[in-house]
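Notes follow the structure.
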Amino acid sequence: MMMTRTRFHLHAFIKQQQAVKGNSFLRPLKTPLSHSQQLGLQFSSTHTTTFLASLLHSDSFSNGDHRPQSKFQKVTSLDDALNLFDEMTQRRPLPSVIKFTQLLNAVTKMKHFSSCLDLFRQMCAIGVPVDEYSLSIAIRCCCRLYRTKDGFALLGCCFRRAVVPNVVVYNTLLDGLMLEDRILEAERLFKKLIKHKLCEPDVVTYSTMIKGLCKFGSNDIAIALLRLMDERRCKPDIVAYNTILDSLCKDRKIDDAFKLFNEMVFDKGILPNVITYNTLIYGLCLLGRWEEVSKMLKEMEDVSISPNFRTYSILVDAFCKEGKVDDAEAVIDIMVERGVSPNIVTYSSLIDGYCLRGEMNKARNVFDSLKCKGLVPDVVTYNSLLNGYCKNLEIEEAMLMFDEITKKGLKLNIVTYSTMLQGLFRVGRRGAARKLFDEMRAQGLVLNECAYGIILDGLCNNQHVEEALSLFHLVGDSKLNSNIVVYTILIDGANKCGKFDIAKDLFNALTLKGLQPNLRTYNVMISGLCGEGLLEEAKQLFLKMDDSGCPPNNVSYCVLLQGYLKNQHYDDVEMLLQEMDGRSYSLDASTLSLFIDQIAAGSLDRNMLKLIGRLVPKELMGTLA
DNA sequence: TTAGGGTTAG
């Protein structure tokens, strides 16, 4: 309801605000629809059509950045910068610190943080009187190199040189702490700034704290800080709001996001920008709320905000994840028509989309065509294709791809290794997997939750549950082992290897660990209990699901039914089927075939056939006939 | 007349 009201008023409201704020939203010229755009309307799904319609009606992309270029923006390579620096140091008198700062800035823009620090040191050595500007750039470089500690050392340098660190310097350090996940220290510094009046926190200080809080999943505290800054007469801006909106969207709390969005626009009079829209569109895509995505695209058009390459990329990715690669291709065509260049990210999504459908030739074609588009695949692109080959069990191709990554001078990361490991495990090449795992560790790569899960799962599925358990014990009492997914993999693995006792111990350990079983954990455990013929316990666990706020899904019913049928325990079967009917669930192929066998053998009442018939999904209708 | 915060891909 809220959404409808918003959609209805927003256009007019924003238009009115724009009029007040002058011409900053000048509408770009309309371009006529191209032939391929018109063709775009003929795509498959209904929501696609609405989508493309929204896209087709919006204006062409305009970059809009016409700021004058400083001399230092012409420095396009590190070599240029270093040469210029040398030249500057030889001039007499020395150029002002401002000139040097501009150069340092150009070098950091190119992300050459170490070099920038070298230059800064040289500046100090030759006696350039550094100020809070050049110092804050140097501190920022330390932070970006994950050496915030050195940033604090430079803060000491500030004091020695009688430069009083200002709010920008502190903001940079706060950002560095957040980058290193040192949220508690950031909080301490933030409080210290206020308590000791070291500087007056400004909108960037608050936004940096908000970003960190969101990163740690504390959306509520982030929102509280947003209120606090308002009270302290530091008006939150679009960045502060976008940060929280992004976090809410990523947490799939889209309704909360829209509530905040309304507050931002209607109560605070802050106009959304393209990032706000991208964020909300991303959140809606994540939930598959396509109609609303269309509305947002339309709304962007209404308020004259052109979609940018990220907007299109989000749509491409969302389509690919849905398996609608043709629609994703259509979005890319529209981008190109409008002069918005798809980048490597856009094409990586497309490759992913093809891989997901097992269309490896098409994925490969996209990959091979990158070069003539002037795009260089990065390690993520390679990982996508590698993942495709692995999932489609084309292990030889996958290994060729794996080798190619290093040949291209790219660094294999944890995702590359875990993708390849998963592939090797899937085809049962445990020896090769072991070798790769050792290589990965020799590279100094640290296991993350996903890689760890893949390895445990791979070992279990290759009948090496003991080895999985040794790894689990080796990892010990760490964050990696405080994850329900890890436990579920092991419980499942132990069951599949016939080690039910181990599965049961692991399941019982969950409460001690303070971990909440998820749907999959319950299903795996119910399956294990049924496998042991412990039907009463299986039933009790099944009943517990509802009470634990994790109601049984389709799989839970099928697992329990299979347990009952295999153990000739028919008492609850009809009741379960009726419940399934009530919940609009359906039987899967293996459960259905068990039913058919038992009815044929005369173990089950034929009267149940009608009920079973209602639970057969369309695609399995043939089986029943 | 030089510095700081926000959005996309595994």
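Since we're looking at a predicted model, the values are computed, not measured. So that the names make sense, note that chain A is the first sequence line, chain B the second, and so on, each numbered from 1.
- Here the side chain of A:Ser218 pairs no donor or acceptor atom with the backbone of A:Cys214 at under 3.5 angstrom.
- Side-chain atoms of A:Asp237 and base atoms of B:dG6 include no donor and acceptor less than 3.5 Å apart.
- Checked by atom type and distance alone, the side chain of A:Asn166 pairs as donor or acceptor with a backbone atom of A:Val169 at under 3.5 Å.
- Atom pair A:Met296:CE and B:dT7:C1' shows a separation of 13 Å (rounding to whole Å applied).
- Across all strands shown, A:Ser313 has heavy atoms under 4.0 Å from base atoms, whether or not it also approaches the sugar-phosphate.
- A distance-only check finds no donor-acceptor pair linking the side chain of A:Gln422 to the backbone of A:Gly458 [under 3.5 Å].
- Close to B:dG5, at under 4.0 Å from its OP1 or OP2, lies a side-chain N or O of A:Arg144.
- Of the residues in residues 128-136 of chain A, those lying under 4.0 Å from DNA chain B by heavy-atom distance are A:Asp131, A:Glu132, A:Tyr133, A:Ser136.
- Per the geometry, CG belonging to A:Leu225 stands 18 Å off P belonging to B:dG5, to the nearest Å.
- Looking at residues two or more places apart in sequence or on another chain, you find no side chain to side chain donor-acceptor pair (under 3.5 Å) involving A:Tyr347.
- Contact of the A:Lys268 side chain with the A:Tyr241 side chain is registered, since non-hydrogen atoms from C-beta on lie closer than 4.5 Å.
- Across B:dG5, B:dG10, B:dT8, the shortest atom-to-atom separation from the side chain of A:Asn413 is found for B:dG10.
- Closest to the A:Gln102 side chain, of the nucleotides B:dA9, B:dT2, B:dG5, is B:dT2.
- Picking from B:dT8, B:dG5, B:dG10 the nucleotide with the shortest atom distance to the side chain of A:Ile314 gives B:dT8.
- Rounded to an integer number of Å, the gap from OH of A:Tyr170 to P of B:dG5 is 18 Å.
- With sequence neighbours excluded, the residues satisfying side chain to side chain donor-acceptor pair (under 3.5 Å) with A:Arg121 are A:Asp118.
- Side-chain atoms of A:Thr101 and A:Ser134 include no donor-acceptor pair closer than 3.5 Å.
- A:Tyr241 comes within 4.0 angstrom of nothing in the nucleic acid, heavy atoms only.
- When heavy atoms are screened at a 4.0 angstrom cut-off, A:Asp175 is found touching the sugar-phosphate backbone but no base atom.
- In this structure, the nucleotide among B:dT1, B:dA3, B:dG6 sitting nearest to the side chain of A:Val168 is B:dA3.
- A donor N or O paired with an acceptor N or O is not found under 3.5 Å between the base of B:dG6 and the side-chain atoms of A:Thr243.
- For the pair A:Asn392 (side chain) and A:Gly388 (backbone), a donor-acceptor distance under 3.5 Å is present.
- Checking each of A:Met440, A:Met399, A:Met401 against A:Met420 for a side chain to side chain contact (heavy atoms under 4.5 Å, CB included) leaves exactly one that passes, namely A:Met399.
- Between the CG atom of A:Asn343 and the C1' atom of B:dT7 there is a distance of 13 Å, given to the nearest Å.
- Between the C1' atom of B:dG5 and the NZ atom of A:Lys235 lies a distance of 18 Å, rounded to the nearest Å.
- The A:Lys250 side chain lies nearest to B:dT8 when the options are B:dT8, B:dA9, B:dG5.
- Residue A:Arg310 has no polar side-chain atom (N or O) positioned under 4.0 Å from OP1 or OP2 of B:dA9.
- What separates CG of A:Asp246 from P of B:dG6 is a distance of 11 Å, to the nearest Å.
- In this entry the distance linking CG of A:Asn166 with P of B:dG5 reads 14 Å, nearest Å.
- Taking side-chain N and O atoms only, A:Lys391 has no distance below 4.0 Å to OP1 or OP2 of B:dG10.
- Each of B:dG5, B:dG10, B:dT8 was ranked by its minimum atom distance to the side chain of A:Val380; first place goes to B:dG10.
- Base contact: A:Val203 has a heavy atom under 4.0 Å from a base atom.
- The distance between atom CZ of A:Phe367 and atom C1' of B:dG10, rounded to the nearest whole Å, is 14 Å.
- For A:Asn105, a side-chain nitrogen or oxygen approaches OP1 or OP2 of B:dA3 to under 4.0 Å.
- Of the side-chain N and O atoms in A:Lys211, none sit less than 4.0 angstrom from OP1 or OP2 of B:dG5.
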